[in-house]
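Below is one structure; the comments refer to it alone.
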Amino acid sequence: GAGVSQSPRYKVAKRGQDVALRCDPISGHVSLFWYQQALGQGPEFLTYFQNEAQLDKSGLPSDRFFAERPEGSVSTLKIQRTQQEDSAVYLCASSLEDRGTYGYTFGSGTRLTVV
Amino acid sequence: GQQVMQIPQYQHVQEGEDFTTYCNSSTTLSNIQWYKQRPGGHPVFLIQLVKSGEVKKQKRLTFQFGEAKKNSSLHITATQTTDVGTYFCAGSEAAGNKLTFGGGTRVLVKP
């Protein structure tokens with residue numbers, strides 16, 4: 001596609017519910033990142049994939065967060081047993097190559113609200 | 001861990017005036033990128049700086065990377081209402097590694 005596509009655009013979850021957020025990167029982009037952005041803050045790194053390999057997951061806040069990119073294309077971020085502090089915008093970004101020379105292209109994000 | 005700080009947090013600018021926002025990293029960076037996020041939008045890539053002391057210009061925007069590769073600045077001349085948004089710097093300690101974002105400078109332009 002022309003850009004990075006994320007779905008759903010908005011998600012309201014009851015506390016304790018599991019959610020799955022989808023990211024469809026630009027076709028052919030090697031690197032894929034997930035970031036969490038709280039209101040009024042800068043994006044915080046969650047995890048990084050190079051093709052299907054998850055090379056860095058140091059930013060995942062807890063073992064309730066899990067990400068995968070099984071075929072090196074679409075990625076899913078799953079949050080189990082959601083809590084109120086998980087409320088944020090989840091941004092996905094992709095890059096043509098691992099050097100990021102041309103910057104990262106961000107999707108529009110999924111705004112998650114846990115009630 | 002790596003920390004990236006930006007100042008000021010808020011910048012109120014009269015249309016037509018110039019301003020500068022600053023970015024400082026706690027560690028030496030491999031490269032630094034700048035992004036702009038409009039209200040309600042997502043970060044959009046502006047530029048990447050790689051070399052020590054590098055200066056790049058995009059129309060009214062001038063980006064600079066410090067000699068020690070630990071700080072950077074963005075200078076905007078003749079501010080316009082279209083410059084409204086939050087400007088983030090984001091540093092990487094290694095090429096292709098994760099970007100650590102600063103807290104951003106929120107720019108408001110008074111017509």
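- Residue contact with chain B, scored on non-hydrogen atoms closer than 4.5 Å, is absent for A:E44.
- In this structure, B:E17 places its CD atom where more than 12 heavy-atom neighbours from other residues, nucleotides or ligands lie under 6.0 Å away.
- Heavy-atom distances place both the backbone and the side chain of B:L99 under 4.5 Å from chain A.
- Neither the backbone nor the side chain of A:T105 comes within less than 4.5 Å of any heavy atom in chain B.
- More than 12 heavy atoms of other residues, nucleotides or ligands shown are found within 6.0 angstrom of CZ on B:R60.
- Looking only at distances, a side-chain donor or acceptor of B:Y35 sits under 3.5 Å from a matching main-chain atom of A:Y104.
- Heavy atoms from other residues, nucleotides or ligands lying under 6.0 Å from NZ of A:K57 number 12 at most.
- Considering all non-hydrogen atoms of both residues, B:F88 and A:G42 come closest at CE2-CA, 3.3 Å.
- Counting heavy-atom neighbours within 6.0 Å of A:E85 CD, excluding the residue itself, gives a total above 12.
- Atom CZ of B:R106 is surrounded by more than 12 heavy atoms from other residues, nucleotides or ligands within 6.0 Å.
- Other residues, nucleotides and ligands contribute more than 12 heavy atoms inside 6.0 Å of the CZ atom of A:R64.
- In plain terms, the two heavy atoms of A:Y35 and B:K98 that are nearest each other are OH-C, 4.2 Å.
- Here CD of A:Q37 is found 8.5 Å from CZ of B:F101. Values are rounded to the nearest 0.5 Å.
- By the 4.5 Å heavy-atom criterion applied to side chains, B:Q37 and A:F106 are not counted as neighbours.
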